[in-house]
Amino acid sequence: AVERNKTRLPLIVLSVSLFTWASEALANGGPPGPAGIDEGIDHVTMLVRPESFPQTLAVFSSDLGFTTTPVLTSPAATMSSLVWFPDLTYVEIASPFEENPLTAPFLDFLDSHEGGKFYAIGTADALAWSSHLTAAGYPNTGPIAAFPLMLESSGQVLSVDPLWQSVFLTAQIAPDDSLFFIENDDAQVQQMFVDHPALAPSPHANTAQSLETVYLVVEDMNAAIAFYEGMGFPVVGRGRHIHHLGGRGPQVIFPGNTLTLLESTGPGVVADFVDARGEGVLGASVRVANLLVAKLVITCNTGASLPLVRHRGRWRFVVPPELTNDFLLEMVQ
């Protein structure tokens, strides 16, 4: 067996750029990043064990009403399927299927857990963003070109050139070392959709529209806030309670979506997560066009009780985490 390498290496993910961030978005949020290259969170990745992977895809598609892509593989011995939303944000379900130096960190995590592990912030210029991070005191490596992706069913390579490149922090890392930055080759991704229509975004029976927020549980809230503000991202609502999760914390504001930082306020989902993992990606909130349709789809398929709760003037419900490999999935209209 290959000895597991603790060095953090890029997860094999497929990403598409989202939004152009207008310069005024950061007017009151600290020093901005390089002008014109800041984008929102374009995806969040959940890791599952290889033996769980087929069943997890079945749950997301057959039970929860998402449309998932065909399985993609890479030379690094990972497989993944994507839940695209119309705005090209997405949730990735990923699993390593072989132990090697690249997959060792993921297998270490999967020894004890399944669930959310990474999220990516999109950028139109990875090299410029890397320079900005360095100037702000955040050592990093990259841009690192992606491995080629292949369709598992045929072994066909999706693109000759790298579909994306990534930048990783090497010190002063995010909570649970969960963050990386990504620049996508938009033209190649769009061509991939033409060449392989099954990989393009498709409607969801549950009316899912976009990735609204990623929930990140942190052990040291003050340090986490300083981390994101130091990169130039605005952080708002520091004392905000989310009662249905049993947590509180601010939001890091991106164009089109947010990162919600959470600490426990007592018994609840956040406290359970802290007991199990300490800190890390708890899950995500997905905006849907029709919450009652989403509720009906999931209830009819699973029989799950999905009580509606109201938070900040909007109705929402949480999918039981036992259905989603401990990845919290909230739906909100």
Interatomic distance, CG@Leu259 vs CG@Leu216, rounded to 0.5 Å, equals 5.5 Å
Is there side-chain contact between Met231 and Phe181, with heavy atoms separated by less than 4.5 Å?
yes
Thr299 (side chain) donor-acceptor with Leu296 (main chain) under 3.5 angstrom
no
Leu64 versus Met331, closest heavy-atom pair with distance
O-CE, 4.5 Å
In the single-linkage hydrophobic clustering (I, L, V, M, F, W, Y; side-chain heavy atoms under 4.5 Å), do Val309 and Val270 co-cluster?
no
Looking only at side chains, do Ser210 and Thr89 share a donor and an acceptor under 3.5 Å apart?
no
How far apart are the C-alpha atoms of Ile93 and Phe53, what are their side-chain angles, what is the distance that settles it, and do they pass the side-chain contact (heavy atoms from CB on, under 4.5 Å) test?
CA-CA 8 Å; Ile93 304 164; Phe53 186 74; 4.2 Å; yes
Would you say the side-chain atoms of Arg248 pair up with the backbone N or O of Thr265, donor to acceptor, closer than 3.5 Å?
no
Treating Ile, Leu, Val, Met, Phe, Trp and Tyr as nodes and any side-chain heavy-atom pair under 4.5 angstrom as an edge, say whether Ile253 and Tyr215 lie in one connected cluster.
no
His204 ring center within less than 6.0 Å of Phe85 ring center
yes
Is Arg49 reaching over with its side chain to a backbone N or O of Leu110, donor-acceptor style, under 3.5 angstrom?
yes
Using a strict threshold of under 4.0 Å (side-chain N to carboxylate O), is an ion pair present between Arg238 and Glu229?
yes
What heavy-atom pair brings Val157 and Pro148 nearest, and what distance separates the two atoms?
CG1-CB, 4.0 Å
Classify the ring geometry between His113 and Phe109 as parallel (under 30°), tilted (30 to 60°) or perpendicular (over 60°).
tilted
Do Phe60 and Met46 touch side chain to side chain, with heavy atoms closer than 4.5 Å?
yes
With Ser264, which residues qualify under side-chain hydrogen bond (donor to acceptor under 3.5 Å, both in side chains), at least two apart?
none
Taking it one step at a time, do Thr45 and Phe106 satisfy side-chain contact (heavy atoms from CB on, under 4.5 Å)?
CA-CA 12 Å; Thr45 297; Phe106 313 142; over 6 Å; no
Please report the shortest heavy-atom distance between Leu199 and Trp84, naming the atom on each side.
O-NE1, 2.8 Å
Do any N or O atoms from the side chain of Thr260 and from the backbone of Gln251 form a donor-acceptor pair under 3.5 angstrom?
no
Can Leu282 be reached from Val319 by stepping across I, L, V, M, F, W or Y side chains whose heavy atoms are under 4.5 Å apart?
no
Between the main-chain N or O of Ser61 and the side-chain N or O of Thr68, is there a donor-acceptor pair closer than 3.5 Å?
no
Give me the one residue out of Thr324, Leu306, Val332, Leu245 that meets side-chain contact (heavy atoms from CB on, under 4.5 Å) with Val318.
Leu245
Rounded to the nearest 0.5 Å, what separation is found between the OG atom of Ser305 and the NZ atom of Lys295?
7.0 Å
Rounded to the nearest 0.5 Å, what separation is found between the CZ atom of Arg287 and the CD atom of Gln209?
5.5 Å
Listed by chain and number, what are the side-chain hydrogen bond (donor to acceptor under 3.5 Å, both in side chains) partners of Ser130, not counting sequence neighbours?
Asn140
For a side-chain contact (heavy atoms from CB on, under 4.5 Å) with Phe147, tell me which candidate from Leu163, Thr73, Leu102, Thr78 qualifies.
Leu102
Please check if the side chain of Trp129 supplies one atom and the backbone of Ile182 the other of a donor-acceptor pair under 3.5 Å.
no
From the list Phe227, Phe233, Tyr228, ring-ring contact (aromatic ring centres under 6.0 Å, His included) with Tyr138 holds only for Phe227
Report yes if the side chains of Pro203 and Thr67 come closer than 4.5 Å at any heavy-atom pair, otherwise no.
no
Are Ile173 and Leu179 side-chain neighbours, meaning at least one heavy-atom pair lies under 4.5 Å?
no
Compare every heavy atom of Glu98 with every heavy atom of Leu107, then report the nearest pair and how far apart it is.
CD1-O, 4.1 Å
Report yes if some heavy atom in the side chain of Pro86 is under 4.5 Å from a heavy atom in the side chain of Pro201; otherwise report no.
no
Passes side-chain contact (heavy atoms from CB on, under 4.5 Å), Val217 versus Val274? Steps please.
CA-CA 8 Å; Val217 176; Val274 171; 3.7 Å; yes
Closest non-hydrogen atom pair between Asn257 and Gly40, with its separation
OD1-CA, 3.7 Å
I'd like to check Asn206 versus Phe66 (side-chain heavy atoms, cut-off strictly below 4.5 Å). Are they in contact?
yes
To the nearest 0.5 angstrom, please state how far the CG atom of Leu149 sits from the CD atom of Gln156.
12.5 Å
Do Leu328 and Val91 belong to the same hydrophobic cluster, where Ile, Leu, Val, Met, Phe, Trp and Tyr are linked whenever their side-chain heavy atoms lie under 4.5 Å apart, directly or via other members?
no
Main-chain N/O of Ser62 paired with Asn301 side-chain donor or acceptor, under 3.5 Å
yes
Rounded distance (nearest 0.5 Å) linking atom CG of Asp42 with atom OH of Tyr119
12.5 Å
Using only atom types and a distance under 3.5 Å, with no angle test, would you say the side chain of Asn184 pairs donor to acceptor with the backbone of Asp186?
no
Does a sphere of radius 6.0 Å around CZ in Arg312 hold more than 12 heavy atoms from other residues, nucleotides or ligands, not counting ones at 6.0 Å or beyond?
no
Any link between Val235 and Ile41 through a network of hydrophobic side chains (Ile, Leu, Val, Met, Phe, Trp, Tyr) touching at under 4.5 Å?
yes
Pro139 backbone acceptor or donor facing Thr170 side chain under 3.5 Å
yes
Straight-line distance of Thr207 OG1 to Asn290 CG, nearest 0.5 Å
5.5 Å
Walk me through it: do Leu57 and Val71 pass the test side-chain contact (heavy atoms from CB on, under 4.5 Å)?
CA-CA 9 Å; Leu57 295 189; Val71 176; 3.8 Å; yes
Looking only at atom types and distance, does a side-chain atom of Asn325 sit under 3.5 Å from a main-chain N or O of Phe327, one as donor and one as acceptor?
no
Closest heavy-atom pair and its distance - Glu279, Phe273:
C-CE2, 3.6 Å
Below 4.5 Å, heavy atoms only, C-beta onward: do Pro143 and Glu183 meet side chain to side chain?
no
Would you mind checking if Glu212 and Arg314 are paired as a salt bridge, meaning a charged N to carboxylate O distance below 4.0 Å?
yes
4.5 Å side-chain heavy-atom contact, Val269 and Pro321
no
Would Thr258 and Thr213 satisfy side chain to side chain donor-acceptor pair (under 3.5 Å), going step by step from the backbone distance to the final call?
CA-CA 5 Å; Thr258 61; Thr213 195; 2.8 Å; yes
Salt-bridge criterion met for Asp326 and Arg277 (N-O under 4.0 Å)
no
